[in-house]
Amino acid sequence: MSGPAIGHRRRKQAPSSAAAGYHWAVRRTFAIGDIHGDLQALERVFQRLPSLEADDTVVFLGDYVDRGPHSAKVVRFVREAAKQGPAKVVALRGNHEDAWLRVIDRGWPEFVLPPGNGCVAAMRSFEGKTVLESEAVARPDEVKSLLSGSFFPKEVVEWMRALPYWYEDEHAIYVHAGLPHGKKGFLHPSKVPVPAALLWLRDEDFFRNYEGKLVVFGHTATAFLPPELSTYTPEDPLDIWAGPCCVGLDTGAGKGGFLTGLELPAMHVYESR
């Protein structure tokens, strides 16, 4: 089975006349990959999108915080975009938002302490401190706040708790990580008994063998997805991954990569690099 036909990379502010004509016939959805505190990449992608309209939808795939230097500003950007319009905005829960809620509710030192998870950067961002890449470990006076997540404003915690686990429209199913396998194949998100599975799984069986309605996901960096199955620039493993029935958009923003957006159904790609 061949993968979805992905268009060429788009960097201009306005779509071509042909794309504009397509817009009037079909509602557009713009899916945005994992951001991880990379405000500059987020702003750059939005500058490169065509002008959004009231019947458009923007779907963020989750993971707004950690690693990059501007977690607080990224969360503010996403929340304000939902309020200001004109497009409908759907902000999904990522595994990093899910993890912080676990930290706040019952603690999870195994998540917040490893430098690779980038939790110190998020804490310092919300505390208004300068985030330095060379300071990935909490200082002694920061450990208590880090272990409890007490630096998060109350309204941000409430916002994270309200983030949905998945979204679906006429074009695709959108989840942070992918779809788990049930007794009779891969489960629709509405049938998943433990919704957190949609945020945390990394299942090569899903990437290789899922068949059905298009699924757009993040979470697993595209560099670690099977390159031989991608129909979009397979010679560039860092680019988006377009498998037979699913598309991966985690291109490493906030961790040395770049941010990617995908326009459906036209399948145009927008990058921050």
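Values in this document were obtained by computation on a predicted structure and should not be read as measured data.
- Take Asp66 and apply the side chain to side chain donor-acceptor pair (under 3.5 Å) test, not counting sequence neighbours, and it matches His96, Trp100.
- In this view, His70 satisfies the side chain to side chain donor-acceptor pair (under 3.5 Å) rule with no residue, not counting sequence neighbours.
- With sequence neighbours left out, Ser145 forms a side chain to side chain contact (heavy atoms under 4.5 Å, CB included) with Met123, Glu127, Ser150, Phe151.
- Contacts of Arg67 classified as salt bridge (charged side-chain N to carboxylate O under 4.0 Å, His left out), with partners at least two apart in sequence or in another chain: none.
- Every ring pair (Phe, Tyr, Trp, His ring centres under 6.0 Å) that Phe217 has, sequence neighbours left out, goes to Phe206, Phe207.
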**OP:** Verify side chain to side chain donor-acceptor pair (under 3.5 Å) between Asp63 and His219, making sure each step is shown before the conclusion.
**Re:** CA-CA 8 Å; Asp63 277 8; His219 185 55; 4.7 Å; no
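- Judged as a side chain to side chain donor-acceptor pair (under 3.5 Å), and not counting sequence neighbours, the contacts of Arg139 are Glu142.
- Side-chain atoms of Thr222 and Asp239, non-hydrogen and from C-beta on, never get closer than 4.5 Å to each other.
- Residue pairs meeting the salt bridge (charged side-chain N to carboxylate O under 4.0 Å, His left out) criterion with at least one member in residues 188-207, sequence neighbours excluded: Glu204-Arg208.
- The salt bridge (charged side-chain N to carboxylate O under 4.0 Å, His left out) pairs that include a residue from residues 162-188 are Arg27-Glu170, Glu168-Lys213, where partners are two or more places apart or lie in different chains.
- Evaluation of the salt bridge (charged side-chain N to carboxylate O under 4.0 Å, His left out) test over residues 70-97, restricted to residues two or more places apart or in two chains, returns Arg93-Asp98.
- Under the rule for a side chain to side chain donor-acceptor pair (under 3.5 Å), His181 has no partner lying at least two apart in sequence or in another chain.
- Taking the ring pair (Phe, Tyr, Trp, His ring centres under 6.0 Å) definition, one finds that Trp108 meets it with Phe111, Trp200, sequence neighbours left out.
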Show every donor-acceptor pair shorter than 3.5 Å between a side-chain atom in residues 242-261 and any protein atom, with sequence neighbours excluded, or say none if there are none.
residue, atom, partner, partner atom, Å
Asp250, OD1, Gly252, N, 3.1
Asp250, OD2, Lys255, NZ, 3.3
Thr251, OG1, Phe258, O, 2.7
Thr251, OG1, Thr260, OG1, 2.9

